[in-house]
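Note that the coordinates shown come from a computational prediction; the quantities given were computed from them, not determined experimentally. Quick note on labels: first sequence line is chain A, next is B, and so on, each numbered from 1.
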Amino acid sequence: MCYRYTLATPRADLEKLFGIVIPELPLRFNIALTQIVPAVRLDGDTRVWGEYRFGLIPRWTRDEKPAGFGNARSETVAEKPSFRDAFRKRRCLVPADGFYEWETVGKQKLPWRLTLADGGPFAIAGIHETWTSPAGVEVATLALLTTSANACLERFHDRMPVIIDPAQHDRWLHGPAETLGELLVPYPAERMKVFRVDTRVNSPRYDAADCVTPIDA
DNA sequence: CCAGACGTTGTT
DNA sequence: GTCTGG
DNA sequence: CCAGACGTTGTT
DNA sequence: GTCTGG
């Protein structure tokens with residue numbers, strides 16, 4: 001699964017990956033739920049950069065402060081009432097350059113970071129939804145799709161985020177939804193790497209460059 | 001008809 | 001233990 | 001996902 | 001909002 005990730009890639013590299021102009025953005029070393037994150041979506045046929053609250057809130061949610069859903073299972077996203085409209089009509093590409101997983105050892109929670117083999121940026125399959133609060137405030141929200149895990153996730157659990165290859169970005173954004181099943185698969189373990197990082201990552205309030213520094217396992 | 005659910009993950 | 005916040 | 005709060009009253 | 005259960 002994926003509830004914590006990083007986006008600390010220079011803007012120029014993200015512009016190259018997505019083929020659009022991107023505004024200056026802060027380097028992020030520990031993105032957590034409820035925070036504002038960027039994503040690429042379609043406006044008509046044009047890719048546009050937008051900002052969303054991480055944690056999708058279904059349109060019909062009446063709570064004052066709903067938590068929202070950080071992840072949606074790709075196997076069922078097309079049917080679930082909370083996600084199906086977004087999956088059909090509001091898919092997005094969520095830029096990242098790594099994500100975190102935790103290994104529980106006794107009482108300790110030890111964080112690891114997973115990246116692509118070359119350490120470069122990639123896109124996670126996302127869906128977005130606009131929620132209107134009881135007070136009438138509109139909030140753009142998103143969730144990340146998950147699939148079964150590859151061997152790199154073995155020591156953590158059996159889910160991982162769906163990573164969309166650059167060659168498939170257009171297909172993910174344009175659909176149609178019925179044809180997207182083959183994109184919602186585990187990324188090859190051979191093209192990823194995984195390494196321990198400092199437990200300071202555990203606190204979602206800690207967001208500094210040393211979050212991504214490899215340490216000995 | 002109305003009420004109530006609507007979701008993910010990991011852990012035990 | 002359980003819920004909320006990030 | 002993990003961290004941190006979880007409560008009341010009166011006084012400063 | 002929409003579907004399911006009673």
Side-chain angles (χ1 to χ4, degrees), chain A residues 1-8 26-38 51-90 94 96-115 124-134 136-150 152-163 184 186 194-208 210-212:
Chain A
M1 86 321 259
C2 190
Y3 291 104
R4 290 291 188 94
Y5 68 99
T6 59
L7 181 59
L27 303 183
R28 295 299 312 279
F29 303 96
N30 198 358
I31 292 168
L33 286 165
T34 74
Q35 295 178 352
I36 302 302
V37 300
E51 294 189 326
Y52 304 82
R53 175 194 187 272
F54 178 25
L56 184 149
I57 305 172
R59 303 193 70 82
W60 38 261
T61 304
R62 304 275 183 202
D63 302 1
E64 288 289 341
K65 291 188 296 178
F69 305 105
N71 295 166
R73 293 177 65 90
S74 57
E75 297 89 338
T76 55
V77 67
E79 286 83 40
K80 294 293 183 183
S82 292
F83 303 134
R84 60 191 173 196
D85 288 354
F87 176 68
R88 195 151 39 85
K89 296 179 293 199
R90 291 180 297 279
V94 183
D97 48 31
F99 59 95
Y100 297 111
E101 298 290 354
W102 278 262
E103 178 187 27
T104 303
V105 179
K107 290 179 181 174
Q108 296 183 99
K109 301 200 169 180
L110 305 177
W112 297 66
R113 182 166 184 252
L114 293 95
T115 66
I124 301 173
I127 54 176
H128 64 95
E129 182 74 272
T130 300
W131 174 68
T132 303
S133 77
V137 179
E138 289 200 345
V139 185
T141 69
L142 66 71
L144 308 177
L145 299 211
T146 64
T147 186
S148 50
N150 68 29
C152 288
L153 282 287
E154 217 164 25
R155 67 198 314 155
F156 310 115
H157 47 73
D158 61 359
R159 305 293 299 171
M160 70 179 289
V162 174
I163 295 171
L184 304 177
V194 52
F195 50 89
R196 267 294 314 279
V197 291
D198 195 273
T199 53
R200 275 180 284 206
V201 170
N202 290 15
S203 173
R205 295 168 186 273
Y206 190 80
D207 183 352
D210 58 3
C211 285
V212 300

Out of C:dG6, B:dT11, D:dC2, whichever nucleotide has its closest atom nearest the side chain of A:Trp102: D:dC2
Centroid distance below 5.5 Å plus an interplanar angle below 30 degrees: do A:Trp60 and E:dG1 meet both conditions? yes
Can you list the steps and then say if A:Asp210 with A:Phe29 is a side chain to side chain contact (heavy atoms under 4.5 Å, CB included)? CA-CA 8 Å; A:Asp210 58 3; A:Phe29 303 96; over 6 Å; no
Look at all strands and tell whether A:Arg53 reaches a base, only sugar-phosphate, or nothing, counting heavy atoms closer than 4.0 Å. nothing
Between the main-chain N or O of A:Val201 and the side-chain N or O of A:Asn30, is there a donor-acceptor pair closer than 3.5 Å? yes
According to the Watson-Crick and G-U wobble definitions, with both distances under 3.5 Å, which nucleotide is paired to B:dC1? E:dG6
What is the separation between atom CZ on A:Arg73 and atom P on B:dC6, rounded to the nearest whole Å? 15 Å
Under 4.0 Å, heavy atoms only, any strand: does A:Ser203 hit a base, just the sugar-phosphate, or nothing? sugar-phosphate
Closest to the side chain of A:Lys80, out of D:dC2, C:dG6, B:dT8, is B:dT8
Is there side-chain contact between A:Pro38 and A:Leu7, with heavy atoms separated by less than 4.5 Å? yes
Answer with base, sugar-phosphate or nothing: what part of the nucleic acid does A:Tyr100 contact at a heavy-atom distance below 4.0 Å? nothing
Assign A:Thr61 to base, sugar-phosphate, or nothing according to its heavy-atom contacts below 4.0 angstrom with the strands shown. nothing
Go through B:dT9, B:dG7, C:dG5 for me and flag the one nearest to the A:Pro204 side chain. C:dG5
Within the structure shown, what part of the strands sits under 4.0 Å from A:Asp85 by heavy-atom distance: base, sugar-phosphate, or nothing? nothing
